[in-house]
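Okay, structure first, notes after.
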Protein chains: 2
Amino acid sequence: MALEHAILVSLDERPGTGYELARRFDKSIGFFWAATHQQIYRTLKRMDDLGWVTAEEVAQDGRPDKKVYRVSPQGRQELQRWLEEAGEPATIRHDLSVKIRGASLGDPGKVADEVARHRGRHAERLDVYRAIEKKDFPDPSALHGRRLHQYLVLRGGIKAEEALLEWCDEVLVAMREDDRR
Amino acid sequence: MALEHAILVSLDERPGTGYELARRFDKSIGFFWAATHQQIYRTLKRMDDLGWVTAEEVAQDGRPDKKVYRVSPQGRQELQRWLEEAGEPATIRHDLSVKIRGASLGDPGKVADEVARHRGRHAERLDVYRAIEKKDFPDPSALHGRRLHQYLVLRGGIKAEEALLEWCDEVLVAMREDDRR
DNA sequence: GGCTGCTGTGCAACTAGTTGCATACTCCGA
DNA sequence: TCGGAGTATGCAACTAGTTGCACAGCAGCC
C-alpha cells in the first residue's frame with residue numbers, strides 16, 4: 001500500500017491537486033514509484049475517506065476549478081507509523097530474465113536484440129539520472145535532511161541502472177560469442 | 001502476461017504438475033519470477049483453455065493422483081512469438097526508496113534501521129546466489145546454450161543484489177553521519 | 001465555430017497479485 | 001484412531017495495476 005504513502009510524502013512537501021500529483025508521478029517520484037492519474041484519484045478518494053488528507057475546493061481564473069489536497073494530522077500519523085513498520089524487499093518479476101532463460105526455445109539472436117534494446121533504455125535513464133545528479137546535487141557533502149534523502153534515492157536509481165547496464169553488456173558478449181560456435 | 005511464459009519455459013524443460021511448478025516458483029524460477037500456487041493453477045487453467053498446454057491425468061501409488069502438464073505445439077509457438085516481441089523495462093515501485101525520501105517526516109534513525117534490515121536480506125540473497133554460482137557453474141567459459149542462459153540470469157541476480165548492497169551501505173553511512181550533526 | 005492543447009476530475013472494465021480457505025489422498029508415528 | 005506432514009488440486013474475495021473512456025473549463029488559433 002505504498003502509493004498512499006508516496007502520495008502523503010509528496011503532499012507533505014507541497015499540497016496539490018490530483019492533476020499536479022499525476023504530473024509529479026510522471027516525473028520525479030515516478031522514478032521510484034509509478035502511478036497513473038486514475039490510480040491517484042482513486043487513492044486520494046480513499047485517503048480522504050480515511051481522513052488522511054483534506055480537500056479544499058479552489059476557484060481559479062482562466063482555468064477550471066481545482067481541488068487542493070493537504071496532509072491531515074491523521075495522515076501525518078499514518079505516515080510516521082508506516083515509516084517505522086518493518087518491511088521486506090519486494091518479490092521480483094523480471095520479464096527480460098524469463099526471456100534470457102528461455103532463449104534457446106526461440107532464436108537466441110532475437111533475444112540478444114531484445115537485451116540490446118533494454119540496454120539502450122537503461123543507458124538513457126542513467127543519463128537522465130546523472131544529469132539530475134550533476135545539476136541538482138553538485139556538492140553532496142553539503143547535503144542534510146530532506147535534500148540528502150532526495151539525493152540518496154537518486155543514488156539508488158543510478159546504482160541500479162549501472163548494474164543493469166553492466167549485466168546487459170555481459171549478456172550480450174556471452175550470447176554473441178555463443179552464437180558464433 | 002509473463003507468468004504464462006515463465007510457465008511455458010519451465011514446462012518445456014520438464015513437464016510437471018501444478019504442485020511441482022509451485023515448488024519451482026518457490027525456488028529457482030522464483031528468483032526472477034515469483035508466483036503463488038493459486039496463481040499458477042489459475043493460469044494453467046487459462047493456458048489449457050488456450051491450447052498452450054496439454055494436461056494428462058496420472059494415477060500414483062502412495063500419493064494422490066496428479067495432472068501432468070506439457071507444452072503443446074501451440075504453446076511452443078506462443079513462446080517463440082513472445083520471445084521475439086519487443087518489450088520495455090518495467091516501471092519501478094520501490095518501497096524503501098519512498099521511505100528514504102520521506103525519512104525526515106518521521107525518525108530518520110528508524111528509517112536507517114529499515115535500510116539495515118533490507119541490507120541484511122539482500123546480503124543473504126547474494127550469498128545464496130554466489131553459492132549457486134560456485135556449485136552449479138564452476139567453469140562459465142565452458143557453458144553453451146541453455147546452461148549459459150541459466151548462468152546469465154543468475155549473473156543478473158548477483159549484479160542486482162551487489163548494487164543494492166552498495167547502495168544500502170552508502171545510504172547508511174550518509175544517514176548516520178547526518179544524524180550526528 | 002471548431003479544433004487543439006492545457007488544466008482538472010473522474011468512472012469502468014479487466015487482469016494480475018495477495019491472502020484465506022478448502023478438499024482429497026497417503027503415509028507414518030504416538 | 002487420530003493428528004501431522006507431504007503431495008495435489010482448487011475456489012473466493014479483495015486489492016492494485018492497466019487501459020479505455022468521458023466530461024468540463026479555458027485559451028488560442030485557423
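So you know, we letter chains A, B, ... as the sequences are listed, proteins then strands, and number each from 1. These values consider heavy atoms only, across backbone and side chains, with no hydrogens, waters or symmetry-generated copies.
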Exercise. Counting any heavy atom closer than 4.0 Å, what does Arg93(A) reach on the DNA or RNA strands: base, sugar-phosphate only, or nothing?
Worked result: sugar-phosphate
Problem set entry | Min side-chain heavy-atom separation Ser97(B)-Trp167(B) under 4.5 Å | yes
Exercise. Closer to the 5' end of DNA chain D via nearest nucleotide, is it Gln38(B) or Pro64(B)?
Worked result: Pro64(B)
Seminar exercise, completed: Span of DNA chain C engaged by chain B, first through last nucleotide within the 4.0 Å heavy-atom cut-off, is dA16(C) to dC27(C)
Exercise. Under 4.5 Å between any side-chain heavy atoms of Leu8(B) and Val53(B), yes or no?
Worked result: yes
For this session: Identify whether any heavy atom of Tyr69(A) sits under 4.0 Å from a base atom; if not, whether one sits that close to sugar-phosphate; answer base, sugar-phosphate or nothing.
Result: sugar-phosphate
For this session: Measure from CG on Leu21(B) to P on dG10(D) and round the result to the nearest Å.
Result: 12 Å
Exercise. How close or far is atom P of dA8(D) from atom CG of Asp61(B), stated in whole angstroms?
Worked result: 13 Å
Exercise. Just how far, in rounded Å, is C1' of dG10(D) from CG of Asp65(B)?
Worked result: 15 Å
For this session: Kindly indicate whether the side chain of His122(B), heavy atoms from C-beta on, has any atom under 4.5 Å from the side chain of Arg125(B).
Result: no
For this session: Give Thr17(A) one of three labels, base, sugar-phosphate or nothing, depending on what nucleic acid heavy atoms sit under 4.0 Å from its own.
Result: sugar-phosphate
Seminar exercise, completed: Whole-Å distance, Lys67(B) NZ to dG10(D) C1', equals 9 Å
Exercise. Mapping Lys45(B) and Gly62(A) to their closest nucleotides on DNA chain D, which lands nearer the 5' end?
Worked result: Lys45(B)
Exercise. Rounded to the nearest Å, what distance is computed from the NE2 atom of residue His37(A) to the P atom of nucleotide dC21(D)?
Worked result: 13 Å
Exercise. Rounded to the nearest 0.5 Å, how far does CG of Leu79(A) lie from CD of Gln77(A)?
Worked result: 11.0 Å
Exercise. Under a 4.5 Å cut-off applied to non-hydrogen side-chain atoms, are Ile7(B) and Phe25(B) in contact?
Worked result: yes
Exercise. What orientation do Tyr41(B) and His37(B) show, parallel under 30°, tilted 30 to 60°, or perpendicular over 60°?
Worked result: perpendicular
Exercise. Does Tyr41(B) put a side-chain nitrogen or oxygen below 4.0 Å from OP1 or OP2 of dT9(D)?
Worked result: yes
Problem set entry | Interatomic distance, Glu20(B) CD vs dG6(D) P [rounded to whole Å] | 17 Å
Exercise. How about Tyr129(A) and Arg155(A): do any of their side-chain heavy atoms sit closer than 4.5 Å?
Worked result: no
